[in-house]
Undergrad: 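Before I ask anything, here is the structure I am working with.
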Amino acid sequence: MTKIPIIIDTDPGIDDAMMLILAFANDHAFDIRLVTTSAGNISQDKTNYNTRAFLSYIGANVEIARGLESPIIYEIEEAEEVHGESGLGNVQFLTPTLPISYRTAITAMLETILKSDEKITIVSTGPLTNIAALILAHPEVKAKIERISWMGGAAVGGNVTPTAEFNAYVDPHAVEIVFRSGLPIVMSGLDVTHKAFITIDEMKNILNKDTDLTQKLNQMVEFYLKNIKKTPFQL
């Protein structure tokens, strides 16, 4: 099977850490060329650190480039009440061995896309700030982007306001720029993500593996569920 070449733009956050481990575990399906970090769940400082720390921990070997510090127009609104002050609940990882790229996220995306022989899919799991900035500054890249797959938005109802989902709410101007770009977009909104959940039995199976990784994943999921459900949670 031909691997799909992708760039991941992310803002870990507990949910995005879970995404990263699934993405890198599926190395038979994905050719991850670059990871860029966005400000969203927490500040750019923390999302970049968390991405480097977590990917160092799981043994990934990939360039990680720092994105923009805040949304295009608005001030950043974070979600520490859900993800914790660090962004990863109460879990701590060792100091990352993966460095911050010498390239900014926009430059790294531009150069990665233009030098690729294949069209690149951009997978975004946070606000679309970096993607919008790339398109505005370098519209020539659009011809070499296969699609944008975005975890964000809401077809029916929001989780911040009655109509706004968090990633869209943080930078709505970026959403408009990307959605008006003419690029193919796959939007996995709240109506999709609320159906793509991990069950208690699945978490028990993960925990039964009894590794340092599974213990940490369990701690993150417990922290996340306690905060969003506002009720005690225990496997």
Side-chain angles (χ1 to χ4, degrees), residues 1-13 15-40 47-48 51 55 58 60-68 71-72 98 101 103-155 165-168 170-193 195-196:
M1 182 177 71
T2 302
K3 294 184 180 182
I4 302 172
I6 66 173
I7 291 172
I8 296 176
D9 187 66
T10 183
D11 63 335
D15 52 349
D16 285 26
M18 300 292 284
M19 174 278 297
L20 287 170
I21 196 168
L22 290 171
F24 279 88
N26 281 280
D27 56 359
H28 63 285
F30 303 126
D31 177 12
I32 302 173
R33 306 278 180 90
L34 172 71
V35 176
T36 58
T37 57
S38 58
T47 61
N48 187 273
T51 302
L55 291 182
I58 66 172
N61 182 19
V62 66
E63 179 182 359
I64 302 168
R66 183 184 178 105
L68 297 176
I72 291 173
L98 289 169
S101 172
R103 303 190 291 183
T104 65
I106 309 308
T107 299
M109 286 192 288
L110 171 67
E111 294 177 351
T112 299
I113 292 168
L114 291 183
K115 79 174 186 180
S116 175
D117 294 330
E118 309 160 275
K119 286 188 174 183
I120 301 288
T121 293
I122 299 177
V123 178
S124 174
T125 57
L128 288 168
T129 309
N130 292 332
I131 318 303
L134 172 69
I135 292 169
L136 282 178
H138 303 284
E140 68 273 17
V141 301
K142 292 196 289 183
K144 298 199 68 176
I145 295 175
E146 182 71 27
R147 68 180 62 84
I148 295 171
S149 178
W150 180 45
M151 186 193 74
E165 175 273 336
F166 179 80
N167 286 337
V170 168
D171 198 343
H173 302 92
V175 175
E176 181 169 10
I177 290 166
V178 172
F179 273 67
R180 289 181 179 273
S181 68
L183 288 166
I185 297 171
V186 176
M187 187 188 94
S188 299
L190 288 178
D191 54 315
V192 175
T193 58
K195 296 175 183 177

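Here, residue 1 is the first one in the sequence, and each next residue gets the next number. Treat the numbers as computed from the prediction; the structure is a model and nothing was measured.
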Undergrad: Enter the distance from Leu136:CG to Ile177:CD1 here, rounded to the nearest 0.5 Å.
TA: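 Here the interatomic distance stands at 4.0 Å.
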Undergrad: Kindly state each residue pair satisfying ring pair (Phe, Tyr, Trp, His ring centres under 6.0 Å) with at least one member in residues 110-134, sequence neighbours excluded.
TA: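 Residue pairs with at least one partner in residues 110-134: there are none.
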Undergrad: If you define the side chain from C-beta out and look only at heavy atoms, does anything of Thr121 sit under 4.5 Å from Val186?
TA: no
Undergrad: Which pair of heavy atoms, one from Ser181 and one from Ile135, lies closest together, and at what distance?
TA: CB-CD1, 4.0 Å
Undergrad: I need the minimum non-hydrogen distance between Phe179 and Ile185, along with the two atoms involved.
TA: CA-CD1, 3.7 Å
Undergrad: Quick one: pull up CG in Leu114 and NE2 in His138 and give me the separation to the nearest 0.5 Å.
TA: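 Result: 8.5 Å between the selected atoms.
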Undergrad: Do you know the tightest heavy-atom contact between Phe30 and Lys3?
TA: O-CD, 3.9 Å
Undergrad: Which atom names give the shortest non-hydrogen contact between Ile8 and Ala23, and what distance separates them?
TA: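 Taking Ile8 first and Ala23 second, the nearest heavy atoms are CD1-CB, 3.9 Å.
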Undergrad: Measure the shortest side-chain to side-chain distance between Val178 and Val175 over non-hydrogen atoms and say whether it is less than 4.5 angstrom.
TA: no
Undergrad: Quick one: does Asn130's side chain have a donor or acceptor within less than 3.5 Å of a partner on Ile106's backbone?
TA: no
Undergrad: Find the distance between CE (Met109) and CD1 (Ile120) and round it off to the nearest 0.5 Å.
TA: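 Nearest 0.5 Å value for the CE-CD1 distance: 12.0 Å.
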Undergrad: Apply side-chain contact (heavy atoms from CB on, under 4.5 Å) to Phe24 and Val62, showing your working.
TA: CA-CA 10 Å; Phe24 279 88; Val62 66; 3.9 Å; yes
Undergrad: Go through the steps for Leu110 and Val141 under the test side-chain contact (heavy atoms from CB on, under 4.5 Å), then give the verdict.
TA: CA-CA 7 Å; Leu110 171 67; Val141 301; 3.3 Å; yes
Undergrad: Please report the closest heavy-atom contact between Ala17 and Pro12, naming both atoms and the distance.
TA: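 Here Ala17 and Pro12 meet closest at N-CB, 4.3 Å.
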Undergrad: For Asn48, run the side-chain contact (heavy atoms from CB on, under 4.5 Å) check against Val35, Thr37, Thr10, Asp11 and tell me which one passes.
TA: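 For Asn48, the side-chain contact (heavy atoms from CB on, under 4.5 Å) check succeeds only for Thr37.
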Undergrad: Under a 4.5 Å cut-off applied to non-hydrogen side-chain atoms, are Glu63 and Arg103 in contact?
TA: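 Yes. Closest side-chain heavy atoms under 4.5 Å.
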Undergrad: Does either side chain, that of Thr36 or that of Asp9, offer a donor lying less than 3.5 Å from an acceptor on the other one?
TA: yes
Undergrad: Got a donor-acceptor contact below 3.5 angstrom from the Thr47 side chain to the Ser38 backbone?
TA: yes
Undergrad: What heavy-atom pair brings Ala105 and Gly67 nearest, and what distance separates the two atoms?
TA: CB-CA, 3.5 Å
Undergrad: For the residue pair Asp15 and Thr125, establish whether any side-chain heavy-atom pair is separated by less than 4.5 Å.
TA: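 A side-chain contact under 4.5 Å is absent here.
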Undergrad: Check whether Asp171 reaches the backbone of Ile72 with its side chain - one donor and one acceptor, N or O, closer than 3.5 Å.
TA: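 Such a contact is found between Asp171 side chain and Ile72 backbone.
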Undergrad: Hey, what do you get for CG (Leu34) to CD1 (Ile6), rounding to the nearest 0.5 Å?
TA: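 So the gap between those two atoms works out to 10.5 Å.
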Undergrad: Going from OG1 on Thr107 to CG on Leu134, what distance comes out if it is rounded to the nearest 0.5 angstrom?
TA: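 Thr107 OG1 to Leu134 CG: 9.5 Å, rounded to 0.5 Å.
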Undergrad: Could you give the distance from CD (Glu111) to CZ (Arg33), rounded to the nearest 0.5 Å?
TA: 14.5 Å
